[in-house]
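Okay, structure first, notes after.
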Amino acid sequence: MLSAIRDLIYPPRCLSCPEETDAAGALCATCWRDVEFITGPTCKLCGTPVDAGGAPEYMRCDECEAHPRDWSAGRSAVMYSGAGKTVVLQLKHGDRLDIAPTLANWIVRSAPDLIAGADMIAPVPLHWSRLFKRRYNQSAELVRAMSRDKAVPDLLRRTKRTQSLDGATRTERAAILDGAIALHPAKDVTGRTVLLVDDVLTTGATLGACARALRDAGAADVTICVLARVVRGRQTPIS
Ligand SMILES: [Zn+2]
Ligand SMILES: [Zn+2]
């Protein structure tokens, strides 16, 4: 009743543009068509679409082929482009915590096997100072909405504040992240399979640092899933 009244006064709007929609947390038809949901054959490690051929177990994109990963399997829900990119930015910088459940659902649909195979689901952590400024960790909010019985939003911690990775090369990113992420002292991952969640996968440097921290702490296996995959040279500008 209250939500019906609220919807009359403030009709729900598209997650990506000012268009009115029937329900909250939805995209309008135009933006929906603009989201590149990833389907078909994908890289086993990062979820990037690849040309079919060979067993799925051995499919790799060029980037994962050139740079071995610290995790064993991965999935991406959408390409970081168009309306898919807009909603990621809304979640990260637009204070749109309300859209986290919808976006978490996109991840859940893209990685049901990885979620089923995980003992724990954990986000890539933010340093406390950045958390203080931004007020929430978008990846932790995705995890909270994904699988309540496996979600461990504080499994990992940033032990030092690192500079932004934007514009840094692969080697520079690794140096910046060296020793920056560790298991929460009160948590135990011995012999467990941990599924790491992040909003965006660019080079995978941060996810790699998290995966190494988990393996160093005794995790049996680490897998990853992200909302959006950035593939260089393929991004389209926000319209
Ligand atoms: Zn729209
Ligand atoms: Zn890949």
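Only this structure's heavy atoms are used, side chains among them; waters, hydrogens and symmetry mates stay out. Atoms within a ligand are numbered from 1 in the order they appear, just like the ligands themselves. Because the structure is predicted, anything quoted here is derived from the model rather than measured.
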Total protein N, O or S atoms, the Zn ion (ligand 2), separation less than 2.8 Å: 4
Report all side-chain donor-acceptor pairs from residues 112-123 shorter than 3.5 Å, counting only partners two or more places apart or in another chain.
unit_1	atom_1	unit_2	atom_2	d
Asp113	OD1	Arg75	NH1	3.1
Asp113	OD2	Arg75	NH2	3.0
Asp119	OD2	Thr193	N	2.7

Heavy-atom distance under 4.5 Å between the side chains of Thr48 and Arg60, does that happen here? no
Given the Zn ion (ligand 1) as the apex, I'd like the angle to SG of Cys31 and SG of Cys17, rounded to 10 degrees. 110°
Linking I/L/V/M/F/W/Y whenever their side-chain heavy atoms sit closer than 4.5 Å, directly or via other members, would Val124 and Trp71 fall into one cluster?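 Yes; Trp71 is reachable from Val124 via cluster members.
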Leu97 with Leu89, same ILVMFWY side-chain cluster at under 4.5 Å: no
Tell me which donor-acceptor pairs under 3.5 Å the side chains of residues 99-111 have, and how far apart each pair is, sequence neighbours excluded?
unit_1	atom_1	unit_2	atom_2	d
Thr102	OG1	Gly25	O	2.9
Ser110	OG	Ile107	O	2.9

Does Asp70 have any side-chain hydrogen bond (donor to acceptor under 3.5 Å, both in side chains) partners at least two apart in sequence or in another chain, and if so, which?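 Listed in chain order: Arg212.
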